[in-house]
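Whatever order the structure lists them in is the order used to number ligands and atoms, beginning at 1.
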Amino acid sequence: MNGELLIGRVRWWHLAEMARMETAIFGPEAWSEGLLWSELAAGHDYRAVFDRSAGGPEGRIAGYAGTAFSDTEAWINNIAVDAGYRRRGVATMLMDDLVARARAGGAKSVFLEVAVDNVPAQRLYDRYGFYGIGVRKNYYQHTGTDAAVMRMDL
Ligand SMILES: CC(C)(COP(=O)(O)OP(=O)(O)OC[C@H]1O[C@@H](n2cnc3c(N)ncnc32)[C@H](O)[C@@H]1OP(=O)(O)O)[C@@H](O)C(=O)NCCC(=O)NCCS
């Protein structure tokens, strides 16, 4: 079934669909379409997994990830998978892709923040060898949940 799932670059015309996904996935913590626009405008690299068997000409977005790259570091700003596509390796496709590009670009480390109670995401990051380097208290505004800051060495 994953043969119909293809990874590609996010363009501005994908942002409305992604904003709807943000609301469904993150509720009050969702990023708005405007914030997603500013992520692209800032030059951050967004990739999506498209389900070519569904939706319009490009397919339906199953998941996406946004990364800020610098010379020696990559920061994963956002990663999310539609509830109907989970446990099918979509996040793994996105992570494999961004880690490979970070490595190819000469990055030495990948960083991210994750809610301390987000077990699925932490399991995913464990698989890549991320380890905790700190905690940001009350990082998520609506719940007051702390975020763990994690690092992976390339
Ligand atoms: C976390 C998330 C991105 C994972 O996406 P996914 O496409 O389902 O992940 P994958 O199918 O690639 O899973 C890879 C591995 O991650 C771990 N994992 C993923 N979901 C899990 C869950 N619900 N429970 C436990 N482990 C989980 C498993 O080790 C899994 O491998 P397996 O299926 O062979 O056991 C997805 O659950 C999601 O979008 N959650 C809501 C948004 C979010 O929390 N984003 C992260 C913010 S930091």
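Close approach to Ala80 involves these atoms of ligand 1, each under 4.0 Å from a residue heavy atom: 39 (O). Residue Val90 approaches ligand 1 through these ligand atoms, each under 4.0 Å from one of its heavy atoms: 7 (O), 12 (O). Atoms of ligand 1 lying under 4.0 Å from at least one heavy atom of Glu113, given by number and element, are 48 (S). The ligand atoms of ligand 1 that sit less than 4.0 angstrom from a heavy atom of Tyr125 are 46 (C), 48 (S). Close contacts of ligand 1 with Leu124, meaning ligand atoms under 4.0 Å from a residue heavy atom, involve 14 (C), 16 (O), 17 (C). In the vicinity of Ile25, heavy-atom distances shorter than 4.0 Å reach the ligand 1 atoms 41 (C), 42 (C).
The protein heavy-atom contact nearest to atom 18 (N) of ligand 1 is Pro120 O, 3.7 Å.
Taking any N or O of Ala121, backbone or side chain, none lies under 3.5 Å from an N or O belonging to ligand 1. Residue contacts with ligand 1: Val81 is placed with a nitrogen or oxygen under 3.5 Å of a nitrogen or oxygen of the ligand (distance criterion only). Polar contact check, Asn118 against ligand 1: a nitrogen or oxygen pair lies under 3.5 Å apart. When only interatomic distances are considered, the shortest N/O to N/O separation between Thr92 and ligand 1 falls below 3.5 Å. Close N/O approach between Arg127 and ligand 1 is found [any backbone or side-chain N/O within under 3.5 Å].
Across Met95, Arg86, Arg87, heavy-atom proximity to atom 27 (C) of ligand 1 is greatest for Arg87. Looking at Ala91, Gly89, Gly63, Ala65, it is Ala91 that brings a heavy atom closest to atom 5 (O) of ligand 1.
Defined by atom type and a distance below 3.5 Å, a donor-acceptor pair is missing between the side-chain atoms of Glu113 and Trp75. Side-chain contact of Asp51 with Tyr85: a donor-acceptor pair under 3.5 Å is present, judged by distance alone. A donor atom on one side chain and an acceptor atom on the other are found under 3.5 Å apart for Tyr64 and Glu22. With no hydrogens or angles considered, a side-chain donor-acceptor pair links Asp96 and Tyr128 at under 3.5 Å.
Here the CZ atom belonging to Arg47 is positioned 15.0 Å from the CE atom belonging to Met95, to the nearest 0.5 angstrom.
Ligand 1 has no atom lying under 4.0 Å from any heavy atom of Val119.
Gly144 and Asn138 get closest at one heavy-atom pair: O-OD1, 3.0 Å.
A salt bridge is absent between Asp153 and Lys108: the closest approach of a Lys/Arg side-chain nitrogen to an acidic carboxylate oxygen does not fall below 4.0 angstrom.
For the pairing with Glu39, the side chain to side chain donor-acceptor pair (under 3.5 Å) check across Asn78, Asn77, Thr67 returns one residue only, Asn77.
With Glu73 contributing its side chain and Ala107 its backbone, the two residues share no donor-acceptor pair below 3.5 Å.
Remark: aromatic rings of Phe69 and His44 are distant, center separation not under 6.0 Å.
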